[in-house]
Amino acid sequence: MDMTLPSPTANPLESLNFTRSFLALGETFYSRVAPQALSGSHLISVSDSAAKLVDLSSSAFVHPELLAFVSGQQSSTDAFAMVYAGHQFGHFVRQLGDGRAIMLGEVTNRNGERWELQLKGAGLTPYSRDGDGRAVLRSSIREYLCSEAMHGLGIPTTRALCITGSNEEVYREQIETGAMVVRMAPSHVRFGSFEYFYHRGEFAPLQQLADYLIEFHYPQLRDESNPYLALYREVVTRTARLVAQWQLVGFAHGVLNTDNMSMLGLTLDYGPFGFLDDYDPGYICNHSDHYGRYAFNKQPDIGLWNLSCLGQAMLPLLAEDGEQAAEMARAQFDHYQTLLNETYSSGLNDKLGLKEHRDGDLELGHRFLDILASERRDFTLSFRNLSRLTTDKPSREQALRDDYLDRERFDQWATDYQQRLQSEKSRDDARRARMNAVNPKFVLRNYLAQQAIDKAQQGDYREIDKLMVVLSEPYAEHEGFEQYAEAPPDWGKKLSVSCSS
């Protein structure tokens, strides 16, 4: 589509088509609140890819009106914070809500797609509880980069339009400077939105919320005999696929509370996340997670647990008879497990470059993962480098084996792998291309994010934009950016992130 960009003197805000679909639900679902600007606000970075989703270019953000809008200095009376509840680390909290995020508005782009613009770190809301409603530069950079990195990986996610900084002090474990991120999603409705009304016994707004999602986000479900059961099944389907995709790229969410689970199957809320460096199935990325509830290898089970909480919240919609409704919800649990396993198995085959799916393939993949775990090999690099193995000579004659300490064990596995490839007449060059298209060269490692943060805290934002280059296309080679694909130094493996990250 030919898009005419605004001239430097035109106000880009005037080109945005603001709509009010969520506001039309009524103030049972939100509280109107205006963002509170930070002192010394300034633009740090813009995601050109995200900007295009609302018919903007990154150059438009030099306009003072648009900059004021995305930094909370100017907003309409339509700004609001959403209310919801949620299970946090397994314990139900009756009322949560957007404690530091304020919805600036909903934009419908030229393709008819709706995008909510939510300003994170915008100050106190009625749901801030004991918080200050702020976000710091450190956490804002992490959310901004990882939102766009996940999109680059092809994983459903909220997007990050831009990040602004300030000179205002915010206290976390120490004094830091405040910042804001504009988060984008077709909808920010989450599992906890349904839990809020269910546990209050307010079933009319529960149905209203479900009808809203079906009307604007799942219109294909309108003619189903039971559209609410179809809605639940669709969320189960999307969640199963999402969690499988996380496992395939080595992403650990860190805070998989039900209030951080999207009804659209998006990765939502980037706090103490982490991508695996050394492969450790029990990796805990959040040092606040003292019992490892949200460890990497527990994410599939937690996804199902959270879906069971959502299913309970939707029971009044599924059937009048409570027992019948519960049975309808439970019937979806097997669907979740089957779909997650199928998605993961298929994805693991792709990571190994296998064209066909045969019995024994999953075991072959797990044996490779066992080698990585026992030797603490780098997850991302090991799969990326595996494409270098050829089928024309034994692995003991190939340089790749030098990456492994127990070379005899690797040789045994590699021999079986090579025979499996030969059995489907795999061509090395074509397989290498397939593998490099699904095994990223670049992921947002914690040490890379920290390096960008350290420089940004000194006023140098160039590292953020450099990372955006490789993270937006993580499967490409990016000559000249090889240092961003390296395994972390020792200090980088010891970084600690928490819920304030």
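Predicted model only: the values in this text are computed from it and were never measured.
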Could [X] and [Y] be called an ion pair, given the rule that one side-chain N must be under 4.0 Å from one carboxylate O?
| X | Y | result |
| --- | --- | --- |
| Lys441 | Glu479 | no |
| Arg138 | Asp454 | no |
| Asp278 | Arg377 | no |
| Asp269 | Lys120 | yes |
| Asp428 | Arg431 | yes |

For the residue pair [X] and [Y], what are the closest heavy atoms and their distance?
| X | Y | result |
| --- | --- | --- |
| Pro126 | Ser31 | CG-CB, 3.7 Å |
| Ala185 | Leu266 | CB-CD1, 4.1 Å |
| Tyr127 | Leu96 | CB-O, 3.1 Å |
| Gln36 | Leu124 | NE2-O, 3.1 Å |
| Thr258 | Gly86 | OG1-CA, 3.2 Å |
| Asp98 | Thr125 | O-OG1, 2.5 Å |

Self-check item: Stepwise side chain to side chain donor-acceptor pair (under 3.5 Å) test for Ser387 and Asn439
Solution: CA-CA 9 Å; Ser387 67; Asn439 291 313; over 6 Å; no
Exercise. Check the pair Gln118, Met184 against side-chain contact (heavy atoms from CB on, under 4.5 Å), reporting the backbone distance first and the verdict last.
Key: CA-CA 6 Å; Gln118 189 180 70; Met184 299 171 54; over 6 Å; no
Exercise. Would you tell me whether Thr19 and Thr108 have side-chain atoms, one donor and one acceptor, within less than 3.5 Å of each other?
Key: yes
Self-check item: Between Gln451 and Glu463: side-chain donor-acceptor atoms closer than 3.5 Å
Solution: no
Quiz item: Under the side chain to side chain donor-acceptor pair (under 3.5 Å) criterion, do Tyr212 and Ser21 qualify, and how do the steps go?
Solution: CA-CA 8 Å; Tyr212 168 80; Ser21 70; 3.0 Å; yes
Interatomic distance, [X] atom [atom1] to [Y] atom [atom2] [nearest 0.5 angstrom]:
| X | Y | atom1 | atom2 | result |
| --- | --- | --- | --- | --- |
| Leu53 | Leu161 | CG | CG | 9.0 Å |
| Leu400 | Asp402 | CG | CG | 8.5 Å |
| Leu348 | Thr343 | CG | OG1 | 12.5 Å |
| Ile163 | Arg183 | CD1 | CZ | 13.5 Å |
| Asp301 | Leu256 | CG | CG | 11.5 Å |
| Leu372 | Arg376 | CG | CZ | 11.5 Å |

Quiz item: Looking at residues at least two apart in the chain, or sitting in another chain, which of them share a ring-ring contact (aromatic ring centres under 6.0 Å, His included) with Phe383?
Solution: Phe368, Phe379
Exercise. Determine, step by step, whether Ile155 and Thr157 satisfy the side-chain contact (heavy atoms from CB on, under 4.5 Å) criterion, reporting the C-alpha distance in whole Å, the side-chain angles of both residues, the deciding distance to 0.1 Å, and the verdict.
Key: CA-CA 6 Å; Ile155 297 175; Thr157 179; 5.7 Å; no
Quiz item: Are any of the side-chain heavy atoms of Asp55 and Val107 separated by less than 4.5 Å?
Solution: no
Practice problem: Decide yes or no for His287 and Pro272: does some side-chain heavy atom of the first lie under 4.5 Å from some side-chain heavy atom of the second? | Solution: no
Quiz item: So with a 6.0 Å cut-off around CD of Glu482, is the heavy-atom count from everything else above 12?
Solution: yes
Quiz item: Would the number of heavy atoms belonging to other residues, nucleotides or ligands and lying under 6.0 Å from CZ of Arg388 be above 12?
Solution: yes
Self-check item: Steps toward salt bridge (Lys or Arg N to Asp or Glu O under 4.0 Å) verdict (Asp132, Arg134)
Solution: CA-CA 5 Å; Asp132 58 11; Arg134 294 302 188 189; over 6 Å; no
Self-check item: Given Phe251, Phe442, Tyr447, the one that forms ring pair (Phe, Tyr, Trp, His ring centres under 6.0 Å) with Phe275
Solution: Phe251
Quiz item: Which one of Phe273, Tyr294, Trp246 satisfies the ring pair (Phe, Tyr, Trp, His ring centres under 6.0 Å) criterion with His253?
Solution: Trp246
Practice problem: Show the numbers, then the answer: is there a side-chain contact (heavy atoms from CB on, under 4.5 Å) between Tyr30 and Val83? | Solution: CA-CA 5 Å; Tyr30 56 82; Val83 66; 5.9 Å; no
Quiz item: Would you call the rings of Phe69 and Phe18 parallel, tilted or perpendicular if under 30° counts as parallel and over 60° as perpendicular?
Solution: perpendicular
Quiz item: Would Arg100 and Glu143 satisfy salt bridge (Lys or Arg N to Asp or Glu O under 4.0 Å), going step by step from the backbone distance to the final call?
Solution: CA-CA 14 Å; Arg100 57 175 176 168; Glu143 174 144 5; 5.9 Å; no
Exercise. Walk me through it: do Glu168 and Ser166 pass the test side chain to side chain donor-acceptor pair (under 3.5 Å)?
Key: CA-CA 6 Å; Glu168 189 163 320; Ser166 77; 5.5 Å; no
Exercise. Test salt bridge (Lys or Arg N to Asp or Glu O under 4.0 Å) on Arg434 and Asp350 and set out the steps.
Key: CA-CA 8 Å; Arg434 290 197 308 273; Asp350 292 341; over 6 Å; no
Practice problem: Before giving the answer on ring-ring contact (aromatic ring centres under 6.0 Å, His included), spell out for Phe296 and Tyr283 the whole-Å C-alpha distance, their side-chain angles and the decisive distance to 0.1 Å. | Solution: CA-CA 5 Å; Phe296 173 73; Tyr283 170 58; 7.5 Å; no
Quiz item: Is there a salt bridge (Lys or Arg N to Asp or Glu O under 4.0 Å) between Glu106 and Arg20 once you walk through the steps?
Solution: CA-CA 6 Å; Glu106 175 188 76; Arg20 300 164 50 95; over 6 Å; no
Quiz item: Are Phe80 and Phe22 close enough that their ring centers fall under 6.0 Å?
Solution: yes
Practice problem: Check the pair Ser187, Arg114 against side chain to side chain donor-acceptor pair (under 3.5 Å), reporting the backbone distance first and the verdict last. | Solution: CA-CA 8 Å; Ser187 173; Arg114 297 172 184 269; over 6 Å; no
Exercise. List the steps, then state whether ring-ring contact (aromatic ring centres under 6.0 Å, His included) holds for Tyr84 with Phe191.
Key: CA-CA 8 Å; Tyr84 44 84; Phe191 292 11; over 10 Å; no
Exercise. With side-chain contact (heavy atoms from CB on, under 4.5 Å) as the test, would you mind laying out the steps for Ser193 and Met263 before giving the verdict?
Key: CA-CA 9 Å; Ser193 304; Met263 289 296 291; 6.0 Å; no
